[in-house]
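Just so it is clear, the values below take in all heavy atoms, side chains as well, and ignore hydrogens, waters and symmetry mates.
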Amino acid sequence: MTDETTSPDAPVNSDGYTSGFVTFVGRPNVGKSSLVNAICGRKISIVSDKPQTTRHRVMGVLTRPTSQLVFVDTPGLHKPVTALGERVNATALDSTKDVDATCLVLDATMQFGKGDKWVADHLDMSASTVIVNKTDIAKPQQVLAMLQAASQLGAKEYFPVSAKTGEGIGPLVDHLARTLPEGPQYFPNDEISDLPEERWVAELVREQLLAVTHDELPYSIATEVVEWEWPRIRVNILVERDSQKGMVIGKGGAILKRAGELARKQMPEGVYLELRVKVDKDWQRKPERVERLGY
């Protein structure tokens, strides 16, 4: 990406200046967070190859000389079995309301399935853009097959892209900018996300735990910042059962230590990050607890 970088001279409001909100929706693990990060040029949302990594609605901001695009990254839509799952789905569906552009994100390495169709049925596809992501790892025939299957949805436009390499991102952003109405600049030039620092740090810790433990880490973990007195930050890692506590800590504390090291590498120099694991029995099945954790 070359021409999508933030310009310090972007106008606050002027004739012809366009601005608006763009939401990305789709099944889990299709690369919505990676797309937002690639477009904005910096990590906004955490990423992982585990489904339902994103739980919050996160906004990333791209300011250009003639437009400002506010991208809404949403949790993957799936069949919920817990209060957390229901809240995650509601967050994603709510994000399609009162936005200026909606994009359905598909995974080029997968076949178009019932889950994709279910998501599409919740959108006005005639006004939506289809993004076929992961073209860097999909075979050409897979990309073509997904585009052919998606063409039946009657979408406004179709874009094959790679969030990893940036291929196709420029034309996609240009298209989205053209679809936005004239409007004001909602965020300052140097602001690229609406995510509070505390939430970002908590999510960063969860991302690194996912990276270190791979399939062993239970989906039912949550992270929350409970102390912030710079440079000291304490993050609680919540699990649902005592048996899960050891999985997160690791032998001799190895997993927790490694996750902390990886998180600190992405934080300002000099930070003291303390991680603690606590049992909060069946937290994701308790609506009031899910809400208190900010989901």
So does Ala150 get a backbone contact from the side chain of Tyr158, meaning a donor-acceptor N/O pair under 3.5 Å? yes
Please list, one pair per line, the donor and acceptor atoms closer than 3.5 Å that link side chains of residues 269-276 to other protein atoms, with sequence neighbours excluded.
from	atom 1	to	atom 2	distance (Å)
Glu274	OE1	Arg232	NH2	2.7
Glu274	OE2	Arg276	NE	2.6
Glu274	OE2	Arg276	NH2	2.9

Do Trp200 and Ser193 have side chains that get closer than 4.5 Å, going by heavy atoms? no
Go through the steps to decide whether Asp100 and Thr179 satisfy the test side chain to side chain contact (heavy atoms under 4.5 Å, CB included), and finish with yes or no. CA-CA 8 Å; Asp100 301 287; Thr179 67; over 6 Å; no
Please tell me whether Val119 and Met110 are part of a single hydrophobic cluster in this structure, the criterion being side-chain heavy atoms less than 4.5 Å apart. no
Only pairs at least two apart or in different chains count here, so list each side chain to side chain donor-acceptor pair (under 3.5 Å) that has a residue in residues 136-145. Asp136-Ser162
Hey, does His122 have a side-chain heavy atom less than 4.5 Å from the side chain of Thr102? no
Note: Glu191 and Val61 closest approach over all heavy atoms is O-CB, 3.5 Å
Provide the closest heavy-atom pair for Leu69 versus Ala177 in the form atom of the first, atom of the second, distance. CD2-N, 3.8 Å
May I ask whether Leu144 and Val105 are part of the same hydrophobic cluster, defined by side-chain heavy atoms of I, L, V, M, F, W, Y residues being less than 4.5 angstrom apart, directly or through others? no
Using a strict 4.0 Å threshold on nitrogen-to-oxygen distance, state whether Glu261 and Arg258 make a salt bridge. yes
Report yes if the side chains of Leu256 and Ile237 come closer than 4.5 Å at any heavy-atom pair, otherwise no. yes
Residues that Asp116 engages under side chain to side chain donor-acceptor pair (under 3.5 Å), provided they are two or more places apart: Arg27
Which pairs pass salt bridge (charged side-chain N to carboxylate O under 4.0 Å, His left out) with one or both residues in residues 118-134, sequence neighbours excluded? Asp107-Lys134, Lys117-Asp121
Single-linkage hydrophobic cluster, 4.5 Å side-chain cutoff, Val235 and Trp230 together: yes
Nearest heavy-atom neighbours spanning Ser128 and Ala155: O-CB, 3.5 Å
Nearest-0.5 Å distance, OG of residue Ser34 to CD1 of residue Ile39: 11.0 Å
The test is side chain to side chain contact (heavy atoms under 4.5 Å, CB included); show your working for Glu203 and Thr223 and say whether it passes. CA-CA 7 Å; Glu203 288 292 274; Thr223 49; 4.2 Å; yes
Report the distance from atom CZ of Arg206 to atom CD1 of Ile221, rounding to the nearest 0.5 Å. 6.5 Å
Could you state the interatomic distance from CE (Met125) to CD (Gln152), rounded to the nearest 0.5 Å? 12.0 Å
What is the distance from atom CG of Leu106 to atom CD of Gln111, rounded to the nearest 0.5 Å? 13.0 Å
In Å, rounded to the nearest 0.5 Å, how long is the span from CD of Gln244 to CG of Asp242? 9.5 Å
Does Phe112 have any ring-ring contact (aromatic ring centres under 6.0 Å, His included) partners at least two apart in sequence or in another chain, and if so, which? none
Does Trp228 share a hydrophobic cluster with Val205, counting links as ILVMFWY side-chain heavy atoms below 4.5 Å and allowing steps through other members? yes
Are Thr135 and Val161 close enough, and set up right, to give a side chain to side chain contact (heavy atoms under 4.5 Å, CB included), and what steps lead you there? CA-CA 6 Å; Thr135 58; Val161 306; 5.5 Å; no
What pair of heavy atoms forms the shortest contact from Phe21 to Leu180, and how long is it? N-CD2, 4.5 Å
Would you name the heavy atoms of Ile233 and Val201 that are closest together and state the gap between them? CG2-CG1, 4.2 Å
Would you say CD of Glu167 has more than 12 non-hydrogen atoms from neighbouring residues, nucleotides or ligands within 6.0 angstrom? no
Count I, L, V, M, F, W, Y as connected when their side-chain heavy atoms are under 4.5 Å apart, and connections chain through other members. Are Trp118 and Met146 then in the same cluster? yes
Once rounded to the nearest 0.5 Å, what's the spacing between atom NZ of Lys281 and atom CD of Glu240? 8.5 Å
Any sub-3.5 Å donor-acceptor pair from Thr63's side-chain atoms to Gln68's backbone N or O? no
In sequence, state the C-alpha distance, the side-chain angles, and the governing distance for Leu176 and Leu172, and then conclude on side chain to side chain contact (heavy atoms under 4.5 Å, CB included). CA-CA 6 Å; Leu176 293 172; Leu172 169 64; 4.0 Å; yes
Keeping Asn133 on the side-chain end and Ala163 on the backbone end, is there a donor-acceptor pair under 3.5 Å? yes
Might you point out which heavy atoms bring Ala263 and Leu204 nearest each other, and give the distance in Å? O-CD2, 3.5 Å
Tell me which pairs pass salt bridge (charged side-chain N to carboxylate O under 4.0 Å, His left out) where either residue lies in residues 152-164, with sequence neighbours left out. none
